[in-house]
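Quick note: numbers below take in every heavy atom, side chains included, and nothing from hydrogens, waters or symmetry partners. Every number for a ligand or one of its atoms is a count from 1 in the order of the listing.
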Amino acid sequence: MSGGHGTDDGRGTAAGAATRTATDDGHAGTAPADGGPANATATATDGGHADAAGTRGGRRSDGAREVRPEELRSHQWYGTDGLRSFSHRARTRQLGYLPEEHLGKPVIAILNTWSDINPCHVHLRDRAQAVKRGVWQAGGFPLEFPVSTLSETFQKPTPMLYRNLLAMETEELLRSYPVDGAVLMGGCDKTTPALLMGAASVDLPTVFVPAGPMLPGHWRGETLGSGTDMWKYWDERRAGTIGDCELAELESGLARSPGHCMTMGTASTLTAAAETLGVTVPGASSVPAVDSGHDRMAAASGLRIVELVRQDLRLSRLLTREAYEDAVAAVLALGGSTNAVIHLIAMAGRSGVKLTLDDFDRIARTVPVLANLRPGGKHLMEDFHFAGGMRGFLSRIADVLHLDRPTVSHATLREQLDGALVHDDDVIRERHRPLAAEGGLAVLRGNLCPDGAVIKHVAMEQRFLKHTGPAVVFDDYRTMQRTIDDPALGITADHVLVLRGAGPKGGPGMPEYGMLPIPKYLLEQGVRDMVRISDARMSGTSYGACVLHVAPESHVGGPLALVRTGDTITLDVAARSLHLHVADEELERRGAAWTPPPARYERGYGALYMEQISQADTGCDFEFLARPGTTPDPYAG
Ligand code: FES
């Protein structure tokens, strides 16, 4: 033994470490140490993880039960008498840590989706240091784990193909290592649901650290929004109204800093959903990625997770049906991304909560759209942050929320929202002055989408809310790209563009092809929207009369596979209907003649994906991951 530090008995924890986790808004979480308002967020007993006799853990000064060092999950790796513990302690010394630096302390895994190829997360390597700072100060032992990055921009055919792979990686890493609690670092579109899906399946105390939005874009006096203005100016380019010089300037002005897309796209929608679920520190989701406040938020998350481990407050206490319903309400009132429908259904499934498309449609009728953010509105995420962020925003829809549920920082959401203010009523609208009277998404049904489809009706030309037109059908995306601009197709603004072969299996991975391009010759005539229908998804930064997520998809023989050019289709958003005007007998004849596409993957992850992936209406999870059941912890002795 060197220096008398080689035994297990030096494992006193910094139990009295400061636990105050206020973010910039001054809303502290638990603050028993500084005499602030006590916040008995949860106890081991009501978390359902204490033993039946309630003997687990000691009592804290605020009455909450506290997990003792020998009850930590990591104790199985470090604290027993056997050969393996001896080896684990020796190997941790090999990592350069003194025993008193880590033994008996909560081990906090920081799962970091940083990568050189992911501009939305390129700052997360630095930010992980701030999380570690918080963990050390609270008396924990931080360990960073690099995990897959899902870069929306670069990964093909789409990061959605790999969402479940990151979820699996998250789950298995947390399960197989000596981890007592987790901090998840992500934000670019699929990373948020993937990390939370995996973590929910393990059910440890967990805090999510959102990557934060990038700075607003700028070009020639205009403010540019991620994606939204890229699509807009690309159409101008195709229409011939801007040239190479303008395009090069736009390339420099669109994305000015690290951070995820700063419109209310999929990233902002999902991180806002995470904050609403209660798995971030208050106000976390809108802090700009390069703001010093982002460092402070990361440190606050590190402080907080150690306290959550001591309280044994696990994700299952937070991710309840009430929490998911509140996340749906928030997404709808934000005018958020259609992708949230798929991801929240999948996340809820991992929490044992059955969330359905009908829940979205039902809740949509109870909340107005209050966030004036692109693509449906005017402002960007930095404006939203300084207007009050999610605390201010949620305070405006508090009447539809479940306020008595806990969050990572407060005993109840009600406490978390107490005193929340909105500082700009144009960015976060008042209830009597909404952007739209109902939530931003509608769920459609009909003979073209028996298992449902979605449309973001607040971000489209309103004349298409009810529209009947002849279909122009494309069997796959590449064919569509090759032929869409051919005037010989005779497409008019009243036609309905139909794309198939772009669903969960057909894409594969449901690429964001759903905002089909408008034919160039129509753009030149000034047309900027058309009704488009597909089994694909659409970027959260996109807009237009795009019917998405048609289920079942064409690849498995859904009715979309049977549409022919010239068939008439009616979209009626008010009636929540999508109807193909073809007789049932004719559809049956076409169905009998339909042949499934050949298998795309003979081996590898792709083959597993094709075998396991579910349809859009059930969240596109893998069957073997979504099914109920327990997974044993590994034996670490
Ligand atoms: Fe990463 Fe948009 S590309 S969030």
Side-chain angles (χ1 to χ4, degrees), residues 112-125 127 147-163 166 184-196 208-217 223-234 250-275 280 284-291 294 331 334-340 342-343 373-376 380-382 384-385 456 459 509-515 536-543:
N112 194 347
T113 50
W114 168 88
S115 167
D116 274 334
I117 192 68
N118 195 336
C120 307
H121 293 184
V122 77
H123 57 306
L124 292 186
R125 189 156 59 168
R127 217 57 88 237
V147 292
S148 307
T149 206
L150 307 178
S151 175
E152 193 59 37
T153 311
F154 289 104
Q155 197 170 25
K156 306 298 178 201
T158 160
M160 185 62 183
L161 190 68
Y162 300 103
R163 183 198 67 182
L166 176 55
L184 312 173
M185 304 185 73
C188 186
D189 291 22
K190 283 77 185 170
T191 53
T192 302
L195 291 164
L196 285 168
F208 183 76
V209 171
M214 69 178 88
L215 294 175
T223 305
L224 302 178
S226 307
T228 306
D229 286 297
M230 182 184 77
W231 315 122
K232 176 179 149 186
Y233 284 107
W234 187 247
L250 282 162
E251 281 179 19
S252 297
L254 266 167
R256 295 172 45 231
S257 81
H260 64 65
C261 292
M262 71 333 225
T263 41
M264 186 42 72
T266 304
S268 301
T269 304
L270 268 295
T271 54
E275 183 169 338
T280 72
S285 63
S286 58
V287 185
V290 294
D291 193 300
H294 200 267
V331 163
L334 286 164
S337 165
T338 45
N339 286 322
I342 294 174
H343 297 314
L373 299 171
R374 291 182 222 184
L380 296 173
M381 285 306 295
E382 191 174 58
F384 182 76
H385 181 64
K456 189 170 184 173
M510 272 187 104
E512 293 183 338
Y513 295 160
M515 191 173 79
R537 294 175 301 111
M538 173 173 91
S539 165
T541 61
S542 300
Y543 48 85

* Asked: Strictly under 2.8 Å, is any N, O or S atom of Cys261 next to atom 2 (Fe) of ligand 1?
  -> yes
* **Main-chain N/O of Cys188 paired to His121 side chain as donor or acceptor, under 3.5 Å** => yes
* Structure fact -> ligand 1 atoms nearer than 4.0 angstrom to some heavy atom of Cys120 are 1 (Fe), 3 (S), 4 (S)
* Between OG of Ser226 and CE of Met381, what distance do you get to the nearest 0.5 Å? -> 11.0 Å
* Asked: Do any of the N/O/S atoms of Cys188, backbone or side chain, fall under 2.8 Å from atom 1 (Fe) of ligand 1?
  -> yes
* Asked: Hey, which atoms in ligand 1 end up nearer than 4.0 Å to a heavy atom of Thr153?
  -> 3 (S)
* Asked: Which ligand 1 atoms, with their elements, are less than 4.0 angstrom from a heavy-atom of His260?
  -> 4 (S)
* Asked: Checking Arg256 side chain against Pro216 main chain: does a donor-acceptor pair fall under 3.5 Å?
  -> yes
* **Which of the ligand 1 atoms, numbered from 1, are nearer than 4.0 Å to a heavy atom of Ala267** => 4 (S)
* Atom of Ala289, atom of His123 and distance for their closest heavy-atom approach -> CB-NE2, 3.4 Å
* For residues Thr149 and Ser115, is any side-chain donor paired with an opposing acceptor at under 3.5 Å? -> no
